[in-house]
There are 2 protein chains.
Amino acid sequence: MFTQVKSTKVYEQIIDQFKAMIADGTLKKGDKLPSERELVSQLGVSRSAIREALSALQMIGFVESRHGEGNFIKENFEESLIDPFLLIFMLNGSDKEQIFELRRVIEVETAALAAKKITDKEIEELKECLNKLNEVEDEEEKVKYDKRFHYNIAKASKNILILNMLNAVSSLMDSFISEARGKILMVEENRSILMRQHEEILEGLVKKDSEVASKAMSEHLDLIYEYNIKK
Amino acid sequence: MFTQVKSTKVYEQIIDQFKAMIADGTLKKGDKLPSERELVSQLGVSRSAIREALSALQMIGFVESRHGEGNFIKENFEESLIDPFLLIFMLNGSDKEQIFELRRVIEVETAALAAKKITDKEIEELKECLNKLNEVEDEEEKVKYDKRFHYNIAKASKNILILNMLNAVSSLMDSFISEARGKILMVEENRSILMRQHEEILEGLVKKDSEVASKAMSEHLDLIYEYNIKK
């Protein structure tokens, strides 16, 4: 007859109040939060409940605590959210194919979007990045520029949601990019193929041609797939 | 000469221990966690620190507390992560174009992936879903089947990372899908166009043809863009 009453935790109610204040604009990026003591009196809850809520908000990267200054809504969320995805990944077992598929899902259409929005300055940065990638000898350095090339393309999309999503999965992708390069480069002629693919992606972006950019990205990812998943 | 020492919060250290145990397989999905009291003694930290860590893990949807039974690692993470993305979105101001772009990024390539992995049973469910979408009269009901159609395609990708990402942004997309339908349907002939587009997506999936499926999805999203962003 009755259904179970779901108890809402105190910290959930606190978080809900934060969310409401963010939604209606009372709290904005960079804002200083009231002190723990003020929050205790304003919200009428215990100090430990306030701490739980603040910890949770810190953990997901929304609030930062500056020593001696108090708690602030973060200005930028580039560091947030990494861990939840990583935890999901770990709890579900490491499956390289899933990471690869996720990479394709994000990167192919993001290249198309970037082609529409990229600025001249960003194109220069990408060119510089590719030059470095081709010039440096050390493979570890190369990996660094390879990652930067891909990340900067996503950045050129100017979409904060996409960037956040990419950041959320970047720890998965980072290790993947480095490992993927290694496997592909076990076949020496692939070095020039990889280089050409990166250049084709850049070409699509320079022409601001979404179709060329996304097709080149897709072919690039096909090569990665061939050497990393299929075999 | 010295660089500032970054203090690691106690709850961060606790979270790190959880992560390590998840990474090495000591903690698995569905596992019961030790009681708060046991955690206090095993970790040598205060009860309030344990509570902070557990709250943070609950908030991001990794741990659930079952009344009278204790705390458990969640079996399924479909409900997790929604809020962080929503908060980011709210803190950055509502920009429909960004949500739309994110939708395109996720859905176009996910349709291609689903075409490769969809089962006969899933195809039947999608057909059923489209039938309902076309049969029901009530627009609110239609919205429900429209959302389900798109969500089930993502599910057919069988990629837990993609699904989690979609769940993370679903609260953004949900309101968007309903609003987008409304705007498109202000032009009556669009009703049959929408219907045909959904059927074309389904056709690509039935043929297990990634190119057809992703192209149809892309055209579908173009229509949405035209009526919701451009104007």
Side-chain angles (χ1 to χ4, degrees), chain A residues 4 7 9 11-12 15 18-19 22-23 27-29 48 51-62 65 67 73-74 77 80-81 83-92 95 97-99 101-102 104-110 112-113 157-162 164-165 168-169 172 218, chain B residues 7 9 11-12 15 18-19 22-23 25 27-29 48 51-62 65 67 73-74 77 80-81 83-92 95 97-99 101-102 104-110 112-113 157-162 164-165 168-169 172 218:
Chain A
Q4 189 132 24
S7 75
K9 297 235 160 49
Y11 83 88
E12 282 176 9
I15 301 281
F18 271 102
K19 276 161 63 181
I22 288 169
L27 277 179
K28 283 181 285 296
K29 285 196 277 187
S48 71
R51 285 211 177 131
E52 282 178 32
L54 288 173
S55 300
L57 287 167
Q58 278 173 31
M59 188 186 164
I60 60 167
F62 275 93
S65 161
H67 191 64
I73 304 280
K74 269 208 180 168
F77 306 110
S80 67
L81 292 169
D83 290 335
F85 274 91
L86 195 59
L87 284 174
I88 285 170
F89 179 65
M90 291 190 299
L91 278 168
N92 284 289
D95 178 337
E97 186 162 12
Q98 293 205 346
I99 300 181
E101 289 168 351
L102 179 65
R104 178 180 278 284
V105 162
I106 297 178
E107 293 206 59
V108 172
E109 280 297 309
T110 300
L113 186 60
S157 76
K158 317 274 189 306
N159 186 313
I160 184 102
L161 295 171
I162 292 171
N164 267 287
M165 203 173 62
V169 296
L172 300 181
S218 180
Chain B
S7 75
K9 297 235 159 48
Y11 83 87
E12 282 175 10
I15 300 280
F18 270 102
K19 277 160 61 180
I22 288 169
L27 276 180
K28 283 181 286 293
K29 285 195 277 188
S48 71
R51 285 211 176 132
E52 282 178 35
L54 288 174
S55 300
L57 287 168
Q58 279 174 30
M59 186 184 165
I60 60 168
F62 275 93
S65 159
H67 190 67
I73 305 280
K74 269 207 179 169
F77 305 111
S80 67
L81 290 170
D83 290 336
F85 274 92
L86 196 60
L87 284 175
I88 285 171
F89 179 66
M90 291 190 299
L91 278 168
N92 284 290
D95 178 337
E97 187 162 12
Q98 293 205 346
I99 301 180
E101 288 167 352
L102 179 66
R104 177 180 278 285
V105 161
I106 297 177
E107 293 206 60
V108 173
E109 280 298 309
T110 301
L113 187 59
S157 77
K158 317 274 189 306
N159 186 312
I160 183 101
L161 295 170
I162 291 171
N164 267 286
M165 204 172 61
V169 295
L172 299 182
S218 180

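None of these values were measured; they are calculated from a predicted model. Each chain gets a letter, A, B and so on, in the order its sequence line appears, and its residues count up from 1.
The backbone N or O of B:Leu102 sits nowhere less than 3.5 Å from a side-chain atom of A:Glu109 that would complete a donor-acceptor pair.
A:Arg51 is linked by a side chain to side chain contact (heavy atoms under 4.5 Å, CB included) to A:Glu36, A:Arg47, B:Glu52, counting only residues two or more places apart in sequence or in another chain.
Here the shortest heavy-atom pairing between B:Glu101 and A:Asn159 reads OE1-ND2, 2.7 Å.
Both the backbone and the side chain of A:Ile106 come within less than 4.5 Å of a heavy atom of chain B.
Between the CD atom of B:Gln98 and the CG atom of A:Leu113 there is a distance of 9.5 Å, given to the nearest 0.5 Å.
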